[in-house]
Protein chains: 2
Amino acid sequence: MRRTTIHDVARAAGVSVATVSKAINGRDGVAAATLAHVLSVVDELGYESSLVATSMRRHRTNVIGVLVAEFEPFALQLLSGVSTALQGTRYDVLAYAGSISAGEHRGWERRSLSRLGGTLIDGAIIVTPTSTPPETSVPIVAIDPHAGPDGPATVSVINLDGARAATEHLVSLGHRRIAHLRGRTDLESAQQREKGYRSALEDAGIRFDPTLVADGGYRTADSTAGAHALLELPEPPTAVFAANDLSAIEMIRVAAEHGLRVPDDLSVIGFDDIPNAAAHTPQLTTVRQPLPEMGAAAVRVLLTMLDGGEYEHVRMPAELVVRESTAPPRA
Amino acid sequence: MRRTTIHDVARAAGVSVATVSKAINGRDGVAAATLAHVLSVVDELGYESSLVATSMRRHRTNVIGVLVAEFEPFALQLLSGVSTALQGTRYDVLAYAGSISAGEHRGWERRSLSRLGGTLIDGAIIVTPTSTPPETSVPIVAIDPHAGPDGPATVSVINLDGARAATEHLVSLGHRRIAHLRGRTDLESAQQREKGYRSALEDAGIRFDPTLVADGGYRTADSTAGAHALLELPEPPTAVFAANDLSAIEMIRVAAEHGLRVPDDLSVIGFDDIPNAAAHTPQLTTVRQPLPEMGAAAVRVLLTMLDGGEYEHVRMPAELVVRESTAPPRA
DNA sequence: CTGTTAGCGCTTTCAT
DNA sequence: ATGAAAGCGCTAACAG
């Protein structure tokens, strides 16, 4: 079954494809009678122009791309905000997970951008890119940007303050041996969170112990080893600040494997406040990022850029949310 | 800044575009030396072929489309499952919310399908379509299908049993005046859930009262009026079975406006078990749909179809999850 | 082994 | 007011 093309419409209406194109796009130079007739045929045949073909000729599609490495909860929440913010505008959203078939994780955003940009999408919102995107054919804004030299537009939370708040919360509960399961170290967010952790320790007069920092990479699977390592330390921590909720949840799972209960035997705090954080047992204490709002902010910046406006760096506050996974250390 | 095209590569490498194309796609008929040279230029220039242009010529893109009306939690969870299931295959995922700019909700899937199908995506997974999709140029599978005559492939939960379980749960707590905030009545799922509700009432010897059924439409905004109507009845219900979690949550919000607390003054049960259900206060009692698994099932069916296999109707069990939003009626 | 050519579905000058 | 033709970036015959 072949799709209906503009040629089919033209043939059925007894006019040329050029006329059909004009009729559909409201260009003038079409007689009222012809217009009505063509549109009725379009309707009858259920014709819709191919996004691909249109995109190729006209260099504008009215679709915004959200480029992600994979559809994990963080990206999904952002997407939800982006989608809501785009209601009532002339733009549709298209979300693309470009690293799935590629296998290769690094550089996925460049690949996606090259494949979609300039055609198909008018602008892109890139989530957690693995590098600072190069000058591209379309405007882009990065959410949770790479740590390299500042690319144009970014939206992120004030990670340093968020991490400080998390660590201070643990300190205030009486913990002294506080570990950090860190994030994807190529991202600015992970670097800032580690920095916030260290600075809060310092302020509390706690000596920084490098053996208490393990890699989590922001992903469940990448956190397992680090979580084990932390708990198998000769002198294990009584609390851990995980760089995001996914690794916090994995931390808790691994702790259970070691016979440790949270928060009784170990306090765990995360970062992000994905929907799963509050749904988890125990409910996760975390630092909330206003994900939908960040998505909306990215849309705002991007639309401004598409209208020829200036780019911007948006920073939003992160907020400590105390729930059940943190408690004072055992006596 | 223009995007790098195959012409740029050809020029830089001093060969024709045809040769570049062959080199990139591993076709034979290219000398080893030429191949190496071309690939090095490709690398240097950071060239990636345009998905759009490729799609137009070759009628295959290795991308699967997930078509949704909007990115709400239900679709997002499904997307997550789809994405995971596609790992390790040669397919990428592209999610498209086609009704955003259109404004018009009805028929969004036909529009999306026409715009993307045949080009851009090799197959589509359509979430809650507003009609039975017509024979199309690409294989499709519908999740939570329309109630019309069966289109080819579908994936859904056994809604009737799920709804019965929900209603029976309410009955077993001692409720007799049980309302139903129903879903999008054009969907099979909503019809089956209402049917399950009525059949469970009947089995319990409770006379069906049509004034206890209000419209919710599966969306927060569409549930508000129905929720109010139910509570303003001369003889209001003591429990309500909301057709999905979004409307259950709205039901609870409206109840609070009426000074009613859940579950003390009113029991509310939802359907779906979106992440927010467990995160809500009070935690929502609901009927769980295995959303990620359903997404994965849809992928499996679609890949089979893409390989020339037969379509299938997958039905999965729904499971009652008792949490905090239901309790016995007040004495 | 390499290049020339046609054409995917559409929009846009430019003739008529 | 209408249509013929060129061309967006690419691939697949086909010639050389």
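Throughout, a chain's letter reflects where its sequence line sits, starting with A, and its residues are numbered from 1.
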message: Are the side chains of A/Thr89 and A/Leu303 in contact, using a 4.5 Å heavy-atom criterion?
response: yes

message: With heavy-atom distances below 4.5 Å as the criterion, would you say the side chains of A/Ile121 and A/Tyr96 are in contact?
response: no

message: Counting only heavy atoms not in A/His313 (residues, nucleotides, ligands), do more than 12 fall under 6.0 Å from its NE2?
response: yes

- prompt: Counting any heavy atom closer than 4.0 Å, what does B/Asp28 reach on the DNA or RNA strands: base, sugar-phosphate only, or nothing?
  reply: nothing

- prompt: Can you find a heavy atom in the side chain of A/Val141 that is under 4.5 Å from one in the side chain of A/Thr154?
  reply: no

message: So, applying side chain to side chain contact (heavy atoms under 4.5 Å, CB included) with A/Leu86, which one of A/Val299, A/Asp92, A/Val63, A/Val66 is it?
response: A/Val299

N/O contacts under 3.5 Å, protein versus nucleotides 14-16 of chain C?
none

field: Residues touching DNA chain C, which here means a heavy atom under 4.0 Å, drawn from residues 42-56 of chain B
entry: B/Met56

query: Mapping B/Ser16 and B/His59 onto DNA chain C by nearest heavy atom, which one lands closer to the 5' end?
result: B/Ser16

- prompt: Once you round it to whole Å, what is the distance between C1' of C/dC8 and CG of B/Leu120?
  reply: 13 Å

message: What is the separation between atom CD1 on A/Ile6 and atom P on C/dT12, rounded to the nearest whole Å?
response: 11 Å

task: Write down the distance between NE2 (B/His7) and C1' (C/dG3), rounded to a whole number of angstrom.
output: 12 Å

query: Counting heavy atoms not belonging to B/Asp307, are there more than 12 under 6.0 Å from its CG?
result: yes

message: Going 5' to 3' along DNA chain D, between which two nucleotides do contacts with chain A fall, using a heavy-atom cut-off of 4.0 Å?
response: D/dA1 to D/dG9

message: Counting C-beta onward and ignoring hydrogens, is there a side-chain heavy-atom pair between B/Ile24 and B/Tyr47 closer than 4.5 Å?
response: yes

query: Contact class for B/Ala31 vs. all strands (heavy atom < 4.0 Å): base, sugar-phosphate, or nothing?
result: sugar-phosphate

Distance-only polar pair, side chains of A/Thr128 and A/Tyr218, donor-acceptor under 3.5 Å: no

field: Close side-chain approach of B/Ser49 and B/Ile6, heavy atoms under 4.5 Å
entry: no

- line: The residue, A/Val15 or B/Val20, whose nearest nucleotide of DNA chain D is more 5′ is A/Val15

task: Rounded off to whole Å, could you give me the NE2-to-C1' distance for the B/His37 and C/dC1 pair?
output: 16 Å

query: Side chains of B/Glu70 and A/Gln87: does their closest heavy-atom pair fall under 4.5 Å?
result: yes

- request: For the residue pair A/Ser131 and A/Glu109, establish whether any side-chain heavy-atom pair is separated by less than 4.5 Å.
  value: yes

